Amino acid sequence: MQHDFEMKPATKVIHGGQEIEATTGAVMPPIFTSTTYAQESPGVHKGMDYIRAHNPTRYALERMMANLENSGISRDVDVSEGGFAFSSGCAATGSLFDLVPAGSHVIAMDDLYGGTHRLLTQVRQPSQNLKLSYIDLTNAERLAETMTGETRLVWVETPTNPNLKIADLARIAEIARKKNPDVILACDNTFASPINQRPLELGFNVVMHSATKYLGGHSDVLAGILVTNKPELAERIRFVQKSLGAVLGPFDSYLLLRGIKTLAIRVERHNESSLKIAHWLEKHPKIERVVHPGLKSHPQHEIAKKQMDGFGGMITMFIKGGLDEARRMLERVQIFALAESLGGVESLIEHPAIMTHSSISAKQRADLGISDTLIRLSVGIEDVDDLIGDLERALK
Ligand SMILES: *Cc1c(COP(=O)(O)O)cnc(C)c1O
């Protein structure tokens, strides 16, 4: 059912784009596993023919995401209302890159998720002859100098990983549109989640999520999402999704929908606890510097306040000393798990230089300030005082 009234995000995560199942009245979407659908006469069917293109469980998830990100596209224009689910975040990203013609100029934020950087530089640059410009978009005005008539895609991540830089989405959209109204403006919204930030409301036309993180929320599903608010783009994404076939399966679609039900309350706790821990770390004698968009010391704190409803659960900190001190702390935590990834209910801690960002060159890491003393925390929803106790013991 398409609701004819406004809902707040905490209501949308439960009801957005959802409906009671027609034949049985099931409140939760059934997991439809059938790969094919019987036809009454050749070409005459109920709108479903083959699973890669049509799956009701995946549609339920896609409509949920379209609703949460405010696609504004109705079901008679696009069957999943502008939302698309893929087998991973990277598959979603790669499918979007397929909308860009060979030889195009692409602008991306310099502090990018490592896998996106690898996909652009090592796969699509050679295969699609893309011309890439990586720029620091914390200063949106730089976009005007770098954009050309050949620029077909601007890819922004905010907050970034791991430096938690913030890009002013509304300003970027304004500058880009002036240069070229047709440019694809895409935002990787993984770190914020739609509870904290909705780029389509700020002038962007595509949102991407690694649903493996906050959307799933339980560190047990790999998935990716694209949402667009432009019907022409929805049509092209649907065509690429079906043609490449990196779609999300029905079981994973169901798990993700289940996880999303608690997204709003989880994110509320992630926001609260991480800010409390960030303030505590700022005063700790063994910590050099703490980066969190909610801290007044964050260089783009004002932009974060303007465009985000909450600052997220991620903290980046620099420990005093060197690699040995960092390693010792990482070995001593007992509640925080030493692991890659983020956004789950459990707290995680990691060392980007050795772990998540080891695929980018040492020179680039140095340019981005990803030093041996940088430690990244994904604050979970455990009792915050237990988490502080764990960090306190590890830092002793
Ligand atoms: C994890 C992640 C991705 C990639 O998503 P997968 O689901 O692992 O393929 C992309 N962007 C960001 C910001 C991420 O954290």
Side-chain angles (χ1 to χ4, degrees), residues 61 65 69 84-98 106 108-124 134 137 153-167 169 186-197 199 204 206-227 241 244-249 252-253 255-256 259-260 263 267 270 274 291 293 308 311-316 339-344 348-352 355-360 368 370 376-380:
L61 167 67
M65 286 310 303
E69 289 287 5
F84 301 89
F86 297 86
S87 52
S88 72
C90 286
T93 305
S95 298
L96 183 73
F97 292 163
D98 271 322
V106 170
M109 186 91 177
D110 60 350
D111 189 24
L112 267 194
Y113 174 69
T116 306
H117 185 273
R118 180 175 55 205
L119 181 56
L120 276 173
T121 309
Q122 296 184 53
V123 181
R124 294 318 180 87
Y134 294 105
L137 284 172
L153 169 68
V154 178
W155 181 272
V156 179
E157 208 179 297
T158 181
T160 64
N161 174 27
N163 286 313
L164 304 177
K165 289 183 190 174
I166 305 288
L169 294 173
C187 179
D188 181 337
N189 205 26
T190 302
F191 269 43
S193 91
I195 302 301
N196 285 334
Q197 177 173 279
F204 272 56
V206 177
V207 176
M208 173 267 171
H209 281 280
S210 167
T212 317
K213 317 295 166 54
Y214 286 103
L215 296 175
H218 296 71
S219 305
D220 56 5
V221 195
L222 175 71
I225 297 287
L226 292 177
V227 179
Q241 186 195 36
L244 272 182
V247 294
L248 194 65
D252 287 341
S253 297
L255 275 176
L256 213 49
I260 290 170
L263 182 69
V267 169
H270 288 297
S274 76
V291 185
M308 301 179 82
F311 303 112
M314 302 301 293
I315 301 175
T316 290
E340 297 188 7
S341 199
L342 60 115
L348 302 177
I349 192 164
E350 71 116 357
H351 192 271
M355 296 166 67
T356 46
H357 288 64
S358 59
S359 71
I360 62 174
L368 290 170
I370 304 175
R376 188 186 82 178
L377 308 177
S378 171
V379 176

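These figures come from a predicted structure and were not determined experimentally. Note that ligands are numbered from 1 as they come in the structure, with each ligand's atoms numbered from 1 the same way. All values below come from the heavy atoms of this structure, side chains included, with hydrogens, waters and symmetry mates left out. Residue numbers run from 1 in the order of the sequence given.
Near Ala223, meaning under 4.0 Å from one of its heavy atoms, ligand 1 places the atoms 7 (O).
At the top of the distance list for atom 4 (C) of ligand 1, counting protein heavy atoms only, stands Tyr113 CE2, 3.3 Å. In this structure, atom 5 (O) of ligand 1 lies nearest to the protein heavy atom Ser210 OG, 3.0 Å.
Residue pairs that meet the salt bridge (Lys or Arg N to Asp or Glu O under 4.0 Å) test with at least one member in residues 156-165, sequence neighbours left out, are Asp110-Lys165, Asp136-Lys165.
Side chains of Ser341 and Thr356 form no contact here, defined as non-hydrogen atoms less than 4.5 Å apart. You'll find the side chain of Met65 reaches within 4.5 Å of the side chain of Ile260, heavy atoms only. Between Tyr134 and Leu120, some side-chain heavy-atom pair lies under the 4.5 Å cut-off. Contact annotation: the side chain of Arg376 approaches that of Asn161 to within less than 4.5 Å [non-hydrogen atoms, C-beta and beyond].
Where the criterion is an N or O separation shorter than 3.5 Å, residue side chain and backbone included, Cys90 meets it with respect to ligand 1. Distances between N or O atoms of Lys213 and those of ligand 1 include at least one value under 3.5 Å. Annotation: Glu157 places no N or O atom under 3.5 Å from an N or O atom of ligand 1; distance criterion only. Here's the thing with Leu342: none of its N/O atoms is less than 3.5 angstrom from an N/O atom of ligand 1. Of the polar atoms of Thr212, at least one N or O is found under 3.5 Å from an N or O of ligand 1, judged by distance alone.
Rounding to the nearest 0.5 Å places OG1 of Thr316 at 7.5 Å from CG of Leu377. Taking CD1 of Ile166 as the start and CZ of Phe191 as the end, the distance is 10.5 Å to the nearest 0.5 Å.
Between Asn196 and Gly312 the shortest heavy-atom distance is ND2-N, 3.4 Å.
The proximity of Leu222 to ligand 1, defined as any non-hydrogen pair under 4.0 Å, is limited to the side chain. Here Ala91 has no heavy atoms under 4.0 Å from ligand 1, in either its backbone or its side chain.
For atom 12 (C) of ligand 1, the nearest non-hydrogen atom from the set Thr158, Asp188, Thr116 comes from Asp188.
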